[in-house]
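Here is the structure we will look at, set down as structure tokens.
Hydrogens, waters and symmetry mates are skipped; everything else that's a heavy atom, side chains included, is used. Given the structure is predicted, the values throughout are model-derived calculations rather than measurements. The chains referred to below are lettered A, B, ... by the order of the sequence lines, with proteins before strands, and numbering in each begins at 1.
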Amino acid sequence: MPLVLNEEQRMLRDTARDFIQKDVPVELMRQLRDDGSSTGYAASVWKKMVEMGWTAVAIPEAYDGLGFGYMGVGAILEEAGKTLANSPFFSTVVLGASAINSGGSQQQKESLLPLIAAGELTIALAHEESNHHDPANIQLAAKVDGDQLILNGKKVFVAEGGNADKLLVSVRTSGVADEQNGISLVLIDRSTSGITVTPTTMIDSRNYANIEFNNVSVKQSEIIGVVDSGFAILDKTLDYGRICLAAEMLGGSQSMLDKTLGYLKEREQFGQKIGSFQALQHRAAIMFAELELTRSAVVAALSAIDEDSDDLAIMASLAKTRANETYRLITDEAVQMHGGIGLTDEMDIGFYLKRCRVCIHSLGDSGFHKDRYASLNNF
Amino acid sequence: MPLVLNEEQRMLRDTARDFIQKDVPVELMRQLRDDGSSTGYAASVWKKMVEMGWTAVAIPEAYDGLGFGYMGVGAILEEAGKTLANSPFFSTVVLGASAINSGGSQQQKESLLPLIAAGELTIALAHEESNHHDPANIQLAAKVDGDQLILNGKKVFVAEGGNADKLLVSVRTSGVADEQNGISLVLIDRSTSGITVTPTTMIDSRNYANIEFNNVSVKQSEIIGVVDSGFAILDKTLDYGRICLAAEMLGGSQSMLDKTLGYLKEREQFGQKIGSFQALQHRAAIMFAELELTRSAVVAALSAIDEDSDDLAIMASLAKTRANETYRLITDEAVQMHGGIGLTDEMDIGFYLKRCRVCIHSLGDSGFHKDRYASLNNF
Amino acid sequence: MSNLDTFRKQTGDWLEANCPARMRTPSKRSEGVYGGRNAVFPNEDAKIWMERMVEKRWTAPEWAPEYGGAGLSPEEAKILVQEMDRLQCRKPITGHGFWMLGPALLEYGTEAQKLEHLPKIARGEIRWCQGYSEPGSGSDLASLRCKAEDKGDHFIVNGQKSWTSDGDKADWIFCLVRTNSDGKKQEGITFVLFDMESPGVSTRAVPLITGDAHFCDTFLDNVKVPKENIVGEIHKGWSVAKALLVHERKMMSELERNMPKGKYSVVEYAQHYLALDENGKVKDSSMRNRITEFLMENKTVGLAQKRAFEEGMAGVLDMRVTSIFKYVGTENKKVKDELIIDMMGVAGAGWDNEQFSDDEYYRAYEWMSGKALTIAGGSSEVQLNLVSKRSLGLPEQ
Amino acid sequence: MSNLDTFRKQTGDWLEANCPARMRTPSKRSEGVYGGRNAVFPNEDAKIWMERMVEKRWTAPEWAPEYGGAGLSPEEAKILVQEMDRLQCRKPITGHGFWMLGPALLEYGTEAQKLEHLPKIARGEIRWCQGYSEPGSGSDLASLRCKAEDKGDHFIVNGQKSWTSDGDKADWIFCLVRTNSDGKKQEGITFVLFDMESPGVSTRAVPLITGDAHFCDTFLDNVKVPKENIVGEIHKGWSVAKALLVHERKMMSELERNMPKGKYSVVEYAQHYLALDENGKVKDSSMRNRITEFLMENKTVGLAQKRAFEEGMAGVLDMRVTSIFKYVGTENKKVKDELIIDMMGVAGAGWDNEQFSDDEYYRAYEWMSGKALTIAGGSSEVQLNLVSKRSLGLPEQ
């Protein structure tokens, strides 16, 4: 399990850093918010990301991808996290393409993955049905009707749910809520009749939606994987998402630590730089330690994806828990150490504070992942 | 629920402080340890405590007591905690006399409480049967045989088990382990045939014992309370114990904080008093805050005993949890801030560190009490 | 029946008879009453309630009658609070005049100042704001530079104040200005009062991360302040400022009681938002642990305040204990806010009054605004410095 | 098969053939092997095992052959460690010579010093101790006062050293002495070596809270030290001392791997000592949460060390990362020790080899002795100072 980037991945990271710092600064996020952007990202930025080949990074070469693996995806997302750069990259590449690549038929892979690689198809995962991440808690009913499935029910907190071309929906084809058996994954055009998308505003100003399915008809051939046995693919896809989201959170944490260290070196009170006060020095050192530890967990988890490790679930829960708590710690400390000015909207800190909390609740909070980690370790 | 001592209780506390600081310093504890004392306390000290009337403090005036209540008992134990002063006071007065007073018959109270008040009877509570405090986990079997009970089984971690005149034993008269119904309390002479007492050395160098009961015969008239229905008295007695032990732990915490503050003001490194380093200052301030918060919880809990409050159980779990964590924090910080010298046997800090951990496991650790607090609050 | 028992009975009866039913429901965020020249009331009942309490002189119950109060003893005042809590009566009016300037004037003001200003506060006629912080002077408040030039019978003040809460709505300001730049920075500060309508005063609202803009930057451009508006002595305003900060800290440490309540208690939030097992226990081990630790801390902080009050009444209070309250009270409130939004999950990170409930929206708001509690009124770091140096006697570096 | 794979295979085969069965069981506390003139072995197998490894030159595998080592590359040395871990082989010998003085001599020693001292360490002939701290110089090590008077070709040393581990059993000491009292305190320190049998050296064992007395106060009374025993330059021993501290910190941050293991893994302790529900989950919510948090932290610390190693090999290591290891490694070990005795309940607070098991007794001992980890070798406070100032560039006060 390599814990360093290879040459290709390093180049990818450096390019991503240059592009994002220059073309997708945090000011863009502010502007999108102030303009009340309905997508939460700039189409021109997404276009350039596609041109740079990011949509192809994790897709196998056989399907027109670059095959750089998830260490590369993580490197991009970490850079994106630094400026809160938003795009359909995460939902389309990490959740959508991964699910298709893990569970799709040969025909689905051949028809869909090249489209994603080319930036011609975006996907959103419509999965949650309650306020708390709960993978097997699926009630959205899918009844067989000839070669069709008829969907009734609703999904909440669908990231990119108002933007994506297609929705990857977890549905219940048999059994009852909380059973892993009986869950299937199905890919549907967002514009299909019977689908009602209601945008929801979250504190991070990105695009989320609640989605209702009212007698929505979809061909059985659009099922990804085997009917009733979608949970394994789903959980693997979620693990990919948890790990890559942790990489984004790592970037945000890094950015807030850097900003705070800068302020500690510059701001004076009591006739001294506040960074010379030992109590703040120790807290800064602890933040740095937490960040480097979390970085190690995230890198190892990304590597676990690329190595197809048996420890994927454990590593995902580790990385997400650490990212949750580190991002929380560092955004809280950033506010506290900046003092009142950190709470004004003109500083960027509030954006990270808010993004952090949305990330925490995306794909499992620390309580969820600690419980899962304990159960996976048999205690 | 008064949270201040009244005049009588303040006088009692001041007398206790003077006596303990002068006649029962921590050096006495060291000497008892080095001498390999089998009792863990000095008989002469205990004699003086009796002479000062401490054994009578919490016993009602009707039974030759002083009726000062548990605020008074707590004040004595807090002072004792400051120098790790040990005696049969806690086990006899807080556990033994309380149980008799709460659950005993008129005849039992009349015959036993005056003896305790006069210092002529000591009692140990033989209750635990495993490594973790677990009130209803009683397997020690008591079978009816005419007007006798026949006891078989064993008890562990009996404080003062090798010293006390009588043992107050929780036994199972019906039902199975973990059921609250079917538990009875019975008072037995320690010298009764069939009782084997094996001393156990704990890190705090006090007197504990594992005790085996092998066909031990005791009259049914020695049952405290009603047969099979002893749990309520037991749990109330345990709550009294938890709260009063918390008072002792508060004293130990206070002593370690004071010692550490003294060292911070005296020790120099890097050309300055180490107490001038802000990181240590903030940690010292936090210790002080924790201690004062815990003091408030302990005083309120002692008051809850005296007021016979419905909140007794909640207050006991609150006080014991806080005392556990505050004593742990302050002993750990005392070691860390003293540096290497704090780990030498010639300093007293190790004694408090060790006593703290034994206290933590006596009558419920924080996990036990947090769980209980949550359950009592219905979540 | 003791006098206090009688007082309690009469107080309860009066409140039941006089507090409108709508004023006995939890107050929403936008429904605070602050009085002033341009007083705004959320509804007619709020106005009636304030007026009745003003007439009863219970808006500032402990102040002497000549200052607009009812001259209640501390025990009586506490009973009034308890009865208002019991009957869920809203505060009829609140603001900086009541819990900051008022107590400072009582201690440091001249008789004329007290007679002039206190009754107007008690009656809700004048709303006050605070001019303390400046852009370069936050935690290090004493380094403030807002300059007051001595012109004989008045000062001419120039400079900028920040964090003037509701500076654009207040009528008067109590303000720290520098009257001497030589010597120790604490020794050239003067505490003055002036009307916000004075020529040369302007304000700019500063948007916060909550979306609110109730703090202002206040610009002072040749503002004339008569010397009779000095509180305490010239150059010695730092003592007044510190005394006032003590009141602010006390208020902040008791915020939990004074703030509008959420829809549920913490336990009810847990029961409503979290998965429970068949015995009604919260399934998520770490969340159950967090809730328990918060509840224990919260209960203990309340007991500590109660103990300090009782010890104070009994004359045995060690004042060092009170030095921790601002720190522990505000940190505890932050823990609570974070805990609640975490229990709410996605709903706690929503910012949408349509897709989420009023209460969910309110809790997200409360979480954000609560981040200020450990910064304003002397940050947690400043509090820990004070505890360690003043209460514990640890040496200066 | 790559060269490294071949090496792994051969190493495993050799270890299986040569490591006595008893040396493939977990080492108990009293069973460490330290060599020296008066070497003590817990049993005959331990002696055989050390001798075989000495002959194989794998006691100091990375040292060059002329210094008693086998000249293994870092990758090979790591494979050796991994294979020894896999086969549960005990360390054949350990001590201050191996992980402190050895590396320092390799960096700062003269060729003659290396040839003189390293082979004796590698062969277990000479056991070393450390003379750093003094009663007034703990965290502030550079303030040391142990005085070395220049007598031409030798020094005469007078003073006292504290925390000399096994000073009463060691053969030689590496020692910091003050050769100049003028100027900056760091600039007059010299790093010297001398024989503990030199006239004027005496030791007094200091009992600790564990009951052990393996640290000594060492008294130096006119001890003669030849100048050829200076390591590095005169007055410039502080550089050597710091380099050596880095090795000590590295060792301490990896203690978890090098220490004798308890009877169980943390999860096994939980399963053995705690009440479980019908699904095998630990019932106590807060304890389950604590165990999880420890395991996550422990796993992450291991991953961070692994990452640093790999980044080092790839030439992309940011050295600032390594500055956190002593702090996080030792704090993590303390959390583990406390967690385990808490899981054991009463048995974790026992001090009785009869009523409690060997392992229970050992864990209580380990908990006590572990309190030293965050003090010795640069306390956690010193580590945080270093991280904040050197790695993060925060300003001096």
Side-chain angles (χ1 to χ4, degrees), chain B residues 128 130-134 137 156-157 198-205 208-210 267-272 274 277-280 283 321 328 331-332 335-347 349-351 353-362 365-371 374, chain D residues 133 135-143 162-163 185 206-213 215 273-275 282-290 334 338 341-356 360 364-365 367-369 371-372 374-376 379-382 384-385 397:
Chain B
E128 305 294 352
S130 73
N131 287 330
H132 291 279
H133 181 59
D134 194 354
N137 177 25
V156 300
F157 191 47
T198 310
T200 333
T201 309
M202 303 296 293
I203 52 178
D204 66 352
S205 305
Y208 299 88
N210 294 336
R267 168 80 170 173
E268 292 190 12
Q269 289 283 273
F270 305 104
Q272 317 182 37
I274 61 173
F277 293 121
Q278 195 193 33
L280 297 188
R283 282 157 57 185
T321 302
R328 190 200 301 266
T331 48
D332 278 351
V335 167
Q336 184 67 23
M337 291 188 183
H338 276 81
I341 201 172
L343 293 169
T344 60
D345 190 64
E346 63 187 309
M347 294 288 279
I349 298 173
F351 293 153
L353 188 73
K354 294 169 186 174
R355 174 67 187 148
C356 168
R357 280 13 181 224
V358 177
C359 288
I360 283 177
H361 292 294
S362 299
D365 63 12
S366 300
F368 173 84
H369 285 295
K370 287 200 274 186
D371 179 69
Chain D
S133 297
S137 304
S139 285
D140 183 14
L141 182 59
S143 69
S162 42
W163 305 110
K185 60 188 175 181
V206 178
L208 299 182
I209 63 169
T210 52
D212 283 344
F215 287 102
Y273 282 97
L274 298 175
V282 170
K283 272 187 186 171
D284 174 340
S285 312
S286 75
M287 183 55 90
R288 186 163 183 259
N289 186 51
R290 267 179 77 186
K334 280 210 316 193
E338 188 90 31
I341 65 158
D342 275 359
M343 289 196 289
M344 286 180 159
V346 171
W351 200 238
D352 184 334
N353 236 335
E354 289 179 23
Q355 295 296 311
F356 300 105
E360 286 161 348
Y365 172 89
W367 164 75
M368 285 179 209
S369 65
K371 296 291 176 199
T374 54
I375 297 169
S379 67
S380 285
E381 290 75 18
V382 167
L384 292 174
N385 286 345
Q397 192 153 30

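Only the side chain of R290(D) comes within contact range of chain B, with at least one heavy atom under 4.5 Å from a heavy atom of that chain. Using a 4.5 Å cut-off between heavy atoms, A347(D) touches chain B through backbone and side chain atoms alike. Using a 4.5 Å cut-off between heavy atoms, L384(D) makes no contact with chain B at all. Residue contact with chain B, scored on non-hydrogen atoms closer than 4.5 Å, involves the backbone of S137(D) exclusively. With a 4.5 Å cut-off on non-hydrogen atoms, F351(B) does not touch chain D at all. Contacts between I349(B) and chain D at a heavy-atom distance below 4.5 Å are absent for every atom of the residue. No part of D134(B) comes within reach of chain D, as not one of its non-hydrogen atoms sits under 4.5 angstrom from that chain. Using a 4.5 Å cut-off between heavy atoms, R283(B) touches chain D through its side chain atoms alone. With a 4.5 angstrom heavy-atom cutoff, N353(D) does not touch chain B via any of its atoms.
Between K371(D) and D332(B) a salt bridge is recorded (basic side-chain N to carboxylate O distance below 4.0 Å).
Proximity of F157(B) to H133(B): side-chain heavy atoms (C-beta onward) are nowhere separated by under 4.5 Å.
For the set M343(D), K185(D), Q355(D), the count of heavy-atom pairs under 4.5 angstrom toward chain B peaks at Q355(D). Of all the listed residues (T201(B), I274(B), T198(B)), the one sharing the greatest number of non-hydrogen pairs under 4.5 Å with chain D is T201(B). The greatest number of non-hydrogen atom pairs below 4.5 Å with chain D, out of E128(B), R267(B), K354(B), Q269(B), is found for Q269(B).
D140(D) places a side-chain N or O within 3.5 Å of a backbone atom of F270(B) that can act as its donor or acceptor partner.
To the nearest 0.5 Å, atoms CG (D365(B)) and CZ (R328(B)) are separated by 8.5 Å. Atom CD of Q336(B) sits about 5.0 Å away from atom CD1 of I375(D), to the nearest 0.5 Å.
No hydrogens or angles considered: a donor-acceptor pair under 3.5 Å links the side chains of T331(B) and R357(B). Side-chain atoms of S162(D) and S133(D) form no donor-acceptor pair, as typed in the model, at a separation below 3.5 Å.
Partners of F356(D) according to the ring-ring contact (aromatic ring centres under 6.0 Å, His included) rule, which considers only residues two or more places apart in sequence or in another chain, do not exist here.
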